[in-house]
Asks: 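This structure is in structure tokens; I'll ask about it shortly.
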Amino acid sequence: RQLVETHEHDLVAHHANYETVIRDLDAQRKENDELHHSLDEYRNLLVSLKGQLSSQQTAMETADREHQSIMASLQQIYETREKSLRTEADRTALLGREQLQR
């Protein structure tokens, strides 16, 4: 009889341990699910940020090309204007000399 009671006591203890292990595993599974969810959100955020960065880089490249084009146009306008002013100055100087010679 004592052996049976000891055996029953051991079974109750094992059952309690088993239930504790099950609760611990359930808690770990819940924590893992939460971590997995957080990782998914983080991954989605990274994908979104990568897309935004790519869009910004494209916009910056476009702005840089437009800036270079504008600068080239301004340089061309400046050179044309400078040439025109030199021509005008040469003409004025020539007319001034002709008037002095008269």
Side-chain angles (χ1 to χ4, degrees):
R1 177 156 166 79
Q2 171 110 20
L3 186 61
V4 171
E5 287 177 5
T6 303
H7 190 60
E8 284 177 353
H9 179 70
D10 287 348
L11 283 175
V12 169
H14 283 304
H15 185 71
N17 286 338
Y18 175 77
E19 287 179 347
T20 301
V21 169
I22 294 296
R23 277 195 304 274
D24 289 348
L25 287 174
D26 284 343
Q28 287 178 1
R29 182 174 52 238
K30 183 178 178 187
E31 186 177 335
N32 285 344
D33 288 348
E34 290 170 357
L35 287 172
H36 186 73
H37 180 71
S38 294
L39 283 173
D40 283 345
E41 288 179 344
Y42 182 69
R43 188 179 298 116
N44 290 339
L45 178 62
L46 286 177
V47 168
S48 174
L49 289 173
K50 184 179 176 185
Q52 290 176 16
L53 181 60
S54 178
S55 295
Q56 289 175 351
Q57 184 176 2
T58 300
M60 285 177 59
E61 289 169 355
T62 300
D64 186 50
R65 282 193 302 274
E66 289 173 357
H67 172 74
Q68 289 180 12
S69 175
I70 289 169
M71 291 304 289
S73 295
L74 287 173
Q75 181 67 30
Q76 192 173 19
I77 290 168
Y78 172 78
E79 290 171 359
T80 302
R81 181 74 179 135
E82 187 179 32
K83 198 181 293 181
S84 173
L85 287 174
R86 261 194 248 115
T87 302
E88 192 61 35
D90 290 346
R91 229 183 269 135
T92 302
L94 183 60
L95 286 175
R97 277 188 292 232
E98 287 176 356
Q99 287 179 353
L100 284 175
Q101 287 177 355
R102 289 187 199 154

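Below, all heavy atoms of this structure are taken into account, side chains as well, without hydrogens, waters or symmetry copies. Remember, it's a predicted structure, so these values are computed and weren't measured experimentally.
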Asks: Less than 4.5 Å apart, side chain to side chain, heavy atoms only: is that true for E8 and V4?
Replies: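 Counting from C-beta outward, E8 and V4 do come under 4.5 Å.
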Asks: For the atom pair CD (Q57) and NZ (K50), what is the distance rounded to the nearest 0.5 Å?
Replies: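 The CD atom of Q57 sits 11.5 Å away from the NZ atom of K50.
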Asks: State whether R23 and D26 are salt-bridged, where the test is any N-O pair (Lys NZ or Arg NE/NH1/NH2 against Asp/Glu carboxylate O) under 4.0 Å.
Replies: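 Salt bridge: no.
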Asks: Contact between L45 and L49 at the side-chain level, heavy atoms closer than 4.5 Å - yes or no?
Replies: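 Side-chain contact under 4.5 Å: yes.
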Asks: Begin from the C-alpha positions of D24 and Q28 and carry the test side-chain hydrogen bond (donor to acceptor under 3.5 Å, both in side chains) through to its verdict.
Replies: CA-CA 6 Å; D24 289 348; Q28 287 178 1; over 6 Å; no
Asks: Please check this pair: side chain of N44 against backbone of D40, looking for a donor-acceptor N/O pair closer than 3.5 Å.
Replies: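 Indeed, once roles are kept as given, a pair shorter than 3.5 Å links the two residues.
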Asks: Should we count CD of E19 as having more than 12 external heavy atoms under 6.0 Å?
Replies: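 Yes, because the 6.0 Å sphere around CD of E19 holds more than 12 heavy atoms from other groups.
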Asks: side-chain contact (heavy atoms from CB on, under 4.5 Å), that's the test. Do T80 and K83 meet it? Break it down for me.
Replies: CA-CA 5 Å; T80 302; K83 198 181 293 181; 5.8 Å; no
Asks: Could you tell me the separation between the CG atom of L3 and the CG atom of D10, rounded to the nearest 0.5 Å?
Replies: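 Answer for the CG-CG pair, L3 versus D10, is 9.5 Å.
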Asks: If only side-chain N and O atoms count, and only distance matters, is there a donor-acceptor pair under 3.5 Å linking Q56 with Q52?
Replies: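 No.
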Asks: When rounded to the nearest 0.5 angstrom, what is the spacing between CG in L95 and CG in D90?
Replies: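 The distance works out to 11.0 Å.
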Asks: Give a yes-or-no answer on whether the side chains of H9 and E5 include a donor-acceptor pair shorter than 3.5 Å.
Replies: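 There is no such pair between these side chains.
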Asks: To the nearest 0.5 Å, what is the distance between OG1 on T92 and CZ on R97?
Replies: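 Output value for this atom pair is 11.0 Å.
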Asks: The test is side-chain contact (heavy atoms from CB on, under 4.5 Å); show your working for R29 and L25 and say whether it passes.
Replies: CA-CA 6 Å; R29 182 174 52 238; L25 287 174; 5.7 Å; no
Asks: With salt bridge (charged side-chain N to carboxylate O under 4.0 Å, His left out) as the criterion, how do D33 and K30 come out once you've worked through the C-alpha distance, each side chain's angles and the decisive distance to 0.1 Å?
Replies: CA-CA 5 Å; D33 288 348; K30 183 178 178 187; over 6 Å; no
Asks: To the nearest 0.5 Å, tell me how far L35 CG sits from H37 NE2.
Replies: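 Going from the CG atom of L35 to the NE2 atom of H37 covers 11.0 Å.
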Asks: Taking everything shown except E82 itself, do over 12 heavy atoms lie less than 6.0 Å from its CD?
Replies: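 Buried by this count: over 12 neighbours within 6.0 Å.
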Asks: Do the non-hydrogen side-chain atoms of L11 and H7 ever get within less than 4.5 Å of each other?
Replies: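 Heavy-atom side-chain distance check passes, below 4.5 Å.
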Asks: Hey, what do you get for OG (S69) to CG (L74), rounding to the nearest 0.5 Å?
Replies: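 Atom-to-atom, S69:OG and L74:CG are 9.5 Å apart.
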